[in-house]
Asks: 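Input: one structure, supplied below.
Order of the sequence lines fixes the chain letters, A, B, ..., with proteins taken first and strands second; residue numbering starts at 1 for each chain.
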Amino acid sequence: MTVKEQEEVVKPTNFIHQQIDKDLEEGKNEGRVHTRFPPEPNGYLHIGHAKSICLNFGTAEKYNGLYNLRFDDTNPSKEETEYVDSIKEDVRWLGFDWGDREYFASDYFGKLYEFALKLIREGKAYVDDQPAEVISEQKGTPTRPGTESPFRNRTAEENLELFLAMKNGDFKDGEKVLRAKIDMASPNMHMRDPIIYRIMHTPHHRTGTEWCIYPMYDFAHGQSDYWEGITHSICTLEFEVHRPLYDWFVEQLKDTDYRPRQIEFARLNLSYTVMSKRKLLELVKDNHVNGWDDPRMPTISGLRRRGYTPDSIRNFAERIGVTKTDGMIDVALLEHSVREDLNKSAQRVMGVLNPLKVVITNYPEGQSEELEAVNNPEDESMGKRMVPFSRELYIERDDFMENPPRKFFRLGVGREVRLRYAYFVTCNEVVKDENGEIIELRCTYDPASKGGKSPDGRKVKGTLHWVSAPHAVKSEVRLYDRLFSDENPQAHKDVDFKEFMNPDSLQSLTDCYIEPFVKTANALDHFQFERLGYFNVDPDTNGDTIVFNRTVSLKDSWSKAKKK
RNA sequence: UGACCCAUGGUGUAAUUGGCAACACGUCUGAUUUUGGUUCAGAAGAGUCCAGGUUCGAGCCCUGGUGGGUCAACCA
């Protein structure tokens, strides 16, 4: 291993690990590191969550600690079991195993209720009878302090009685709330007597109709962390202003030196996409895409269906780093991560997307043969396979030009190229239909060049992929482009992000021919179609047609050169 | 007329905690190549938002600006 390689192996550190190092040095929490990933089951996980999962769980792994999966299910009106299941599947697929440490905030509804009772008894919480608008009005603004509720100084007895009535269902939704009594003049809006319990006569996906009062996020999160023994509660930047409140509740709760600590990092922004559950839900609900797992979606399930691998996503998460700087990651980095992974592992195969028929005029009619091809030049252990060759072939339309420009290495009339793993062929004639459209090429092959070798040492500039027409498997191939044409579609104040949707984000080719090797492929299997890109088998595949998704194209220096 | 946070090549991160800015992606050369892929060799590109200060020495510390983000849901 070279010096350079050794440097690269060193896992990058970040400010969170540095803070944990410090906590450990100071002997906090008996040297334990315990993290959690706390999704709300109200949507599917996306690549931004993947960053958070890798950070939270990866951190615990790094420090030989533990990590929990905890569903933040305190709002029954938005949460569903479908989402719980998809989240578990996605986290598992990414390669993390949380063992039996699977929790729900709803597991703590009882303890949370008891804790609220304690706050009331200590005069630190009160029932407010005012409607939402009035409470909101009294909150003030960031630059103006709030005013106190007329119900703020009820006696503990009265509050206890009212809260019990709330719990017993004596009131309608919104009629009363329980508030923490902190400081209406605090410069931090979240400290101005935040609402901690609201009335919702809505069945919960786990507790059913047991409760009609539900705790707010702020009243559940830190406490859940505390009860689970979380040491480092890593979340995104928008919760930074909640931290004093998080600490305030933990302070009321703690009875030892242990205390969980919230640390915030910048969420992931990816160019040419949107990354909020609300917006992704909108795309799904309004049928702008075909579901949460549409291969154009930045969801984990979409990326999986598109052909991304867990490794590629984890490497990506590692590469982008962790900071508090709000930035925008170039999708090119994500694409680089899959190419890097798939280049090492993907089975090579030849497939023609836009077929052009080629007849080898000096190859006997009715004859065919099998030629040996390498399965993966990056991994010899993947072995070889046989590819059928015959008189009638398909090549890529792009690989032939009647009037080739300079530096075009492919086929033209009178030119010789190599058909990969097969023979050298020379094009002699172009056949056109009545519209002048090229419909066939007539070529001759050199039998001495079998395997693609030139016995006389003569060179050809181009090597083309091809497929034997009678043997090929006709398939559908779906090509994807970015979902949005704007780098940051949600950043425009006066324009809805959907205005920037790319109308050509999905192109479906139904006249594609792939070598017979793919016949036995299973859903989600990865391939490299030589010279084209990485593709995987879409679950839409049925007995009749194999459907492929293009995960990402190969790097293409020819298309760049062409533009000049 | 607030609180909290952020600011390093095009992009994302790093800099042994004060010692003259490194890595990755991207871009551009060239070599190799039965994938115009991979690999390899190399190049361009920032003097660290600005202004002061402390110091022999500042991207790191201090002060003041500027720019950006977050917070006023009975959402999380």
Side-chain angles (χ1 to χ4, degrees), chain A residues 4 7-8 12-14 18 38-40 42 72-75 77-79 105 128 131-132 135-137 139-146 173-179 186-192 194-200 213-214 216-218 220-221 235-244 264 266 271 277-278 319-330 332-337 339-340 343-344 348 350 373-374 377-378 407-410 418-422 424 451-454 460-465 528-533 553-562:
Chain A
K4 194 178 169 186
E7 281 167 1
E8 280 167 2
T13 182
N14 59 56
Q18 287 167 3
E40 183 189 11
N42 68 342
D72 230 330
D73 56 349
T74 55
N75 184 356
S77 68
K78 290 185 176 176
E79 296 145 8
D128 198 330
I135 290 177
S136 164
E137 185 66 27
K139 275 238 157 137
T141 70
T143 54
R144 207 182 54 242
D173 286 9
E175 232 177 287
K176 291 195 169 18
V177 289
L178 184 70
R179 295 228 254 165
S186 169
N188 183 330
M189 297 291 290
H190 297 278
M191 299 300 271
R192 321 240 264 226
I195 291 166
I196 59 180
Y197 261 100
R198 74 293 214 183
I199 299 168
M200 285 178 102
I213 55 170
Y214 293 95
M216 299 290 290
Y217 163 84
D218 284 308
H221 202 93
C235 63
T236 44
L237 244 29
E238 65 269 26
F239 293 101
E240 205 155 24
V241 280
H242 293 241
R243 194 180 341 130
E264 312 85 10
S271 61
K277 273 198 254 182
R278 205 209 91 231
R319 244 184 281 255
I320 59 179
V322 181
T323 61
K324 301 187 73 158
T325 322
D326 222 336
M328 167 89 77
I329 308 277
D330 193 338
L333 188 58
L334 219 209
E335 293 176 345
H336 171 261
S337 297
R339 286 197 188 100
E340 179 187 59
N343 175 51
K344 286 183 294 190
R348 267 62 170 180
M350 291 195 283
V374 173
E378 307 295 318
K407 291 201 175 172
F408 183 80
F409 302 153
R410 286 112 98 146
R418 169 167 40 234
L419 294 182
R420 177 146 232 229
Y421 298 127
F424 282 18
K453 300 176 187 70
S454 61
V460 287
K461 283 289 253 185
T463 300
L464 310 187
H465 60 276
Q528 184 197 96
F529 291 2
E530 297 220 22
R531 303 210 304 135
L532 295 177
S553 66
L554 249 30
K555 281 215 268 177
D556 184 359
S557 50
W558 166 239
S559 72
K560 277 182 203 162
K562 221 168 29 173

Asks: Round to the nearest Å and state the distance from A/K324 atom NZ to B/A14 atom P.
Replies: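 Spelled out: NZ on A/K324 to P on B/A14 is 13 Å.
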
Asks: Please state whether the rings of A/H242 and A/Y217 are parallel, tilted or perpendicular, taking 30° and 60° as the class boundaries.
Replies: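 A/H242 vs A/Y217 ring planes: perpendicular.
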
Asks: Rounding to an integer number of angstrom, what distance separates B/C50 and B/A58 when you compare their P atoms?
Replies: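 It comes out at 15 Å once rounded to the nearest Å.
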
Asks: Describe the nucleic acid contact of A/M200 in one word from base, sugar-phosphate, nothing, applying a heavy-atom distance below 4.0 Å.
Replies: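 No contact.
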
Asks: Here's a test of your reading of the structure: between A/V177 and A/I329, which maps to the more 5' nucleotide of RNA chain B?
Replies: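 Here A/I329 is the residue nearer the 5' end.
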
Asks: A/R198 and side-chain contact (heavy atoms from CB on, under 4.5 Å): which single residue from A/N75, A/D173, A/I213, A/L178 fits?
Replies: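 By the side-chain contact (heavy atoms from CB on, under 4.5 Å) criterion, A/R198 pairs with just one of A/N75, A/D173, A/I213, A/L178: A/N75.
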
Asks: On the side chain of A/Q528, is there an atom forming a donor-acceptor pair with the base of B/U35 - under 3.5 Å, no angle test?
Replies: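 Checked by distance alone, the answer is yes.
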
Asks: Base, sugar-phosphate or nothing for A/S186? Non-hydrogen atoms, less than 4.0 Å.
Replies: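 Counting heavy atoms under 4.0 Å across all strands, no contact is made by A/S186.
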
Asks: Under 4.0 angstrom, heavy atoms only, what part of the nucleic acid is A/P131 near: base, sugar-phosphate, or nothing?
Replies: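 Counting heavy atoms under 4.0 Å across all strands, the contact made by A/P131 includes a base.
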
Asks: Whole-Å distance between B/G36 C1' and A/D556 CG?
Replies: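 Value for this atom pair: 7 Å.
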
Asks: Check this for me: does the side-chain of A/H242 come within 3.5 Å of the base of B/A76 through a donor and an acceptor?
Replies: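 Counting by modelled atom types and ignoring angles, a donor-acceptor contact under 3.5 Å is found here.
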
Asks: Take a 6.0 Å sphere around NZ of A/K461 and say whether it holds more than 12 heavy atoms from other residues, nucleotides or ligands.
Replies: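 Open: at most 12 neighbouring heavy atoms sit under 6.0 Å from NZ of A/K461.
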
Asks: Which one, B/G26, B/G2, B/A76, comes nearest to the side chain of A/R198?
Replies: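 Closest of the options to the side chain of A/R198: B/A76.
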
Asks: I'd like the C1' distance from B/U11 over to B/G26, given in whole Å.
Replies: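 Approximately 7 Å lies between the C1' atom of B/G26 and that of B/U11.
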
Asks: Quick one: A/W558 CH2 to B/U33 C1', roughly how many Å, whole number?
Replies: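 Distance, rounded to whole Å: 18 Å.
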
Asks: When all nucleic acid strands are considered with a 4.0 Å heavy-atom cut-off, which category describes A/S271: base, sugar-phosphate, or nothing?
Replies: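 Counting heavy atoms under 4.0 Å across all strands, no contact is made by A/S271.
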
Asks: Per the atom types in the model, does the base of B/U35 pair as donor or acceptor with the side chain of A/R348 at under 3.5 Å?
Replies: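 By the distance-only test, yes, there is a pair.
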
Asks: Could you please name the option among B/C71, B/G36, B/C5 that lies closest to any side-chain atom of A/R531?
Replies: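 When the side chain of A/R531 is considered, B/G36 is the closest of B/C71, B/G36, B/C5.
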
Asks: Considering only the C1' atoms, how many Å lie between B/A72 and B/G10, rounded to the nearest integer?
Replies: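 Approximately 37 Å lies between the C1' atom of B/A72 and that of B/G10.
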
Asks: What nucleic acid atoms does A/K461 come within less than 4.0 Å of, heavy atoms only: base, sugar-phosphate, or nothing?
Replies: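 Nothing: the residue A/K461, judged by heavy atoms under 4.0 Å, touches no strand.
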
Asks: When we call it a touch if two heavy atoms are under 4.0 Å apart, what does A/F239 touch: a base, just sugar-phosphate, or nothing?
Replies: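 Base: the residue A/F239, judged by heavy atoms under 4.0 Å, touches a nucleobase.
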
Asks: Determine the contact category for A/M350: base if any of its heavy atoms lies under 4.0 Å from a base atom, sugar-phosphate if only primed atoms, P, OP1 or OP2 are that close, otherwise nothing.
Replies: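 No contact.
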
Asks: Of the listed nucleotides (B/G2, B/U35, B/A76), which one gets closest to any side-chain atom of A/T463?
Replies: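 When the side chain of A/T463 is considered, B/U35 is the closest of B/G2, B/U35, B/A76.
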
Asks: Have a look at A/G327 and say if it touches a base, only the backbone sugar-phosphate, or nothing, with a 4.0 Å heavy-atom cut-off.
Replies: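 Answer is sugar-phosphate: A/G327 comes under 4.0 Å of backbone atoms only.
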
Asks: The side chain of A/K560 is closest to which nucleotide in this list: B/C71, B/U27, B/C75?
Replies: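 Nearest to the side chain of A/K560 among the choices is B/U27.
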
Asks: State, to 0.1 Å, how close A/R192 and A/R179 come at their nearest heavy-atom pair, and which atoms those are.
Replies: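 Between these two residues, the closest heavy atoms are O-NH1, 3.7 Å.
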
Asks: In whole angstrom, give the distance that lies between atom CZ of A/R339 and atom P of B/A24.
Replies: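 In whole Å, B/A24 P lies 18 Å from A/R339 CZ.
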
Asks: Are there more than 12 heavy atoms of other residues, nucleotides or ligands under 6.0 Å from atom CD of A/E175?
Replies: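 For A/E175, atom CD is crowded (more than 12 foreign heavy atoms under 6.0 Å).
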
Asks: Between A/T323 and A/N343, which has a closest nucleotide on RNA chain B that is more 5'?
Replies: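 Upstream on the strand: A/T323.
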
Asks: Rounded to the nearest Å, what distance is computed from the CG atom of residue A/D330 to the P atom of nucleotide B/U13?
Replies: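 Going from A/D330 (CG) to B/U13 (P), I get 13 Å.
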
Asks: Is A/I195 touching bases, backbone alone, or none of the nucleic acid, heavy atoms closer than 4.0 Å?
Replies: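 Base contact.
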
Asks: With side-chain hydrogen bond (donor to acceptor under 3.5 Å, both in side chains) as the test, pick out the partner of A/N42 among A/K277, A/K78, A/E79.
Replies: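 Passing option: A/K277.
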
Asks: Counting only side-chain heavy atoms from C-beta out, which of B/A73, B/C5, B/U35 sits nearest to A/S136?
Replies: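 Selected nucleotide (nearest to the side chain): B/A73.
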
Asks: Using a heavy-atom cut-off of under 4.0 Å over every strand shown, decide if A/T141 touches base, sugar-phosphate, or nothing.
Replies: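 Base, at least one base heavy atom under 4.0 Å.
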
Asks: Would you kindly give the CD1-to-P distance between A/I320 and B/A14, to the nearest whole Å?
Replies: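 One finds 12 Å between P of B/A14 and CD1 of A/I320, rounded.
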
Asks: Need one value for A/K344: base, sugar-phosphate or nothing, where a base atom within 4.0 Å counts as base even if backbone is also close, heavy atoms only.
Replies: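 Nothing, no heavy atom under 4.0 Å.
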
Asks: Check for me: is A/Y217 stacked on B/A76 by the 5.5 Å centroid and 30° plane-angle rule?
Replies: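 The ring of A/Y217 is not stacked on B/A76.
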
Asks: Would you kindly check whether a donor in the side chain of A/E378 faces an acceptor in the base of B/G37, or vice versa, at under 3.5 angstrom?
Replies: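 Per atom types, the contact qualifies.
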
Asks: Side-chain contact test, heavy atoms from C-beta onward, threshold under 4.5 Å: evaluate it for A/S553 versus A/R339 and give yes or no.
Replies: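 A side-chain contact under 4.5 Å exists here.
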
Asks: Determine the contact category for A/Q18: base if any of its heavy atoms lies under 4.0 Å from a base atom, sugar-phosphate if only primed atoms, P, OP1 or OP2 are that close, otherwise nothing.
Replies: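 Result for A/Q18 = base.
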
Asks: Could you tell me how far apart A/N14 (CG) and B/G12 (C1') are, to the nearest whole angstrom?
Replies: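 Spelled out: CG on A/N14 to C1' on B/G12 is 14 Å.
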
Asks: Give A/F408 one of three labels, base, sugar-phosphate or nothing, depending on what nucleic acid heavy atoms sit under 4.0 Å from its own.
Replies: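 Result for A/F408 = base.
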
Asks: State, yes or no, whether a side-chain contact exists between A/K555 and A/E335 at a heavy-atom distance under 4.5 Å.
Replies: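 Side-chain contact under 4.5 Å: no.
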
Asks: Is B/U17 syn or anti, taking syn as a glycosidic angle within 90° of 0?
Replies: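 Here the answer is syn: the torsion falls within 90° of 0.
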
Asks: To the nearest angstrom, how far is A/K407 atom NZ from B/U29 atom C1'?
Replies: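 My rounded result for the distance is 11 Å.
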
Asks: Look at the side chain of A/R410 and the base of B/G36, then say whether one donor and one acceptor between them are separated by less than 3.5 Å.
Replies: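 Flag set: donor-acceptor pair detected.
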
Asks: Is B/G47 in the syn or the anti form, by the rule that syn lies within 90° of 0?
Replies: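 Classified syn.
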
Asks: Could you tell me whether A/P38 contacts a base, only the sugar-phosphate backbone, or nothing, with contacts defined as non-hydrogen atoms closer than 4.0 Å?
Replies: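 Counting heavy atoms under 4.0 Å across all strands, no contact is made by A/P38.
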
